[in-house]
Amino acid sequence: QVQLVESGGGLVQAGGSLRLSCAASGRTFSRSAMGWFRQAPGKEREFVAAINWTGGSARYADSVEGRFTVSKDNALNTVYLQMNSLKPEDTAVYYCAASSGVFIFTRSRDYTYWGQGTQVTVSS
């Protein structure tokens with residue numbers, strides 16, 4: 001069993017920054033690929049970013065490429081999502097997810113464990 005707890009969400013003005021954190025426990029975090037997804041009201045959950053088990057490789061959705069950065073600290077069992085140049089369309093509940101595999105996955109069905117989500121609201 002894996003427990004994931006996100007933090008760092010909040011209200012920010014357009015152009016601002018936030019850093020989300022996801023603390024993991026209960027499994028060998030260092031051997032897990034991690035992902036971030038988001039879900040806006042009335043929309044399906046969508047892929048945002050993912051990182052492989054070592055933290056050495058990452059992939060991003062086109063909508064956040066160049067603005068968001070995902071990183072992984074295996075010593076602290078934590079994955080981060082640094083979000084810069086935020087836009088109102090980034091408003092959503094952001095979810096952290098852990099895979100049972102080591103490589104990067106962009107589909108939500110490839111992730112086994114999910115956090116409870118943290119709200120990010122970007123005002124215009």
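Heavy atoms only: backbone and side chains are in, while hydrogens, waters and symmetry mates are out. We count residues from 1, following the sequence as given.
In terms of hydrophobic clustering, with Ile, Leu, Val, Met, Phe, Trp and Tyr side chains grouped at heavy-atom distances under 4.5 Å, Val79 and Trp114 are assigned to different clusters. Cluster membership check: Val12 does not share its hydrophobic cluster with Tyr80, using side-chain heavy-atom separations under 4.5 Å among Ile, Leu, Val, Met, Phe, Trp and Tyr. No continuous path of ILVMFWY side-chain contacts below 4.5 Å connects Val93 to Leu86, so the two sit in separate hydrophobic clusters. Val120 and Val48 fall within the same hydrophobic cluster, defined by Ile, Leu, Val, Met, Phe, Trp and Tyr side-chain heavy atoms under 4.5 Å apart, directly or through other members.
In terms of heavy-atom proximity, Tyr111 sits nearest to Gly35 at CE2-N, 3.4 Å. Residues Ile104 and Ala50 come closest through the heavy atom pair CG2-CB, 3.7 Å. Scanning all heavy atoms of the two residues, the minimum distance from Val70 to Ala58 falls at CG1-CB, 3.6 Å. Residues Pro88 and Ser124 come closest through the heavy atom pair CG-CB, 3.8 Å. When all heavy atoms are compared, the tightest approach of Gly9 to Leu20 is N-CD2, 3.6 Å. Of all heavy-atom pairs between Ser85 and Arg67, the closest is O-NH1, 2.9 Å.
If you take NZ on Lys72 and OG on Ser57, they are separated by 12.0 Å, rounding to the nearest 0.5 Å. With values rounded to the nearest 0.5 angstrom, Ser99 atom OG is found 13.0 Å from Arg109 atom CZ. The CD1 atom of Ile51 lies 12.5 Å from the OG atom of Ser32; values are rounded to the nearest 0.5 Å.
Contact annotation: the side chain of Glu89 never approaches that of Val122 to less than 4.5 Å [non-hydrogen atoms, C-beta and beyond]. Using a 4.5 Å heavy-atom threshold, the side chains of Met83 and Trp36 count as separate. When side chains are defined from C-beta on, Phe103 does not count as touching Asn52, because their heavy atoms never get closer than 4.5 Å. Met34 is listed as a side-chain neighbour of Leu4, based on a closest heavy-atom distance under 4.5 Å. Considering only heavy atoms from C-beta on, Ser63 comes within 4.5 Å of Arg38 through its side chain.
Thr118 contributes no side-chain N or O that, together with a main-chain N or O of Tyr94, makes up a donor-acceptor pair within less than 3.5 Å. Side chain of Glu6 to main chain of Gly117: a donor-acceptor pair is present (N/O by atom type, distance under 3.5 Å, no hydrogens or angles).
Side-chain polar atoms of Ser100 and Thr112 form a donor-acceptor pair below 3.5 angstrom.
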Begin from the C-alpha positions of Thr91 and Gln119 and carry the test side chain to side chain contact (heavy atoms under 4.5 Å, CB included) through to its verdict. CA-CA 8 Å; Thr91 296; Gln119 177 71 46; 4.0 Å; yes
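Other residues, nucleotides and ligands place no more than 12 heavy atoms under 6.0 Å from the CZ atom of Arg59.
The ring pair (Phe, Tyr, Trp, His ring centres under 6.0 Å) analysis of residues 46-72, with sequence neighbours excluded, yields the pairs Phe37-Phe47.
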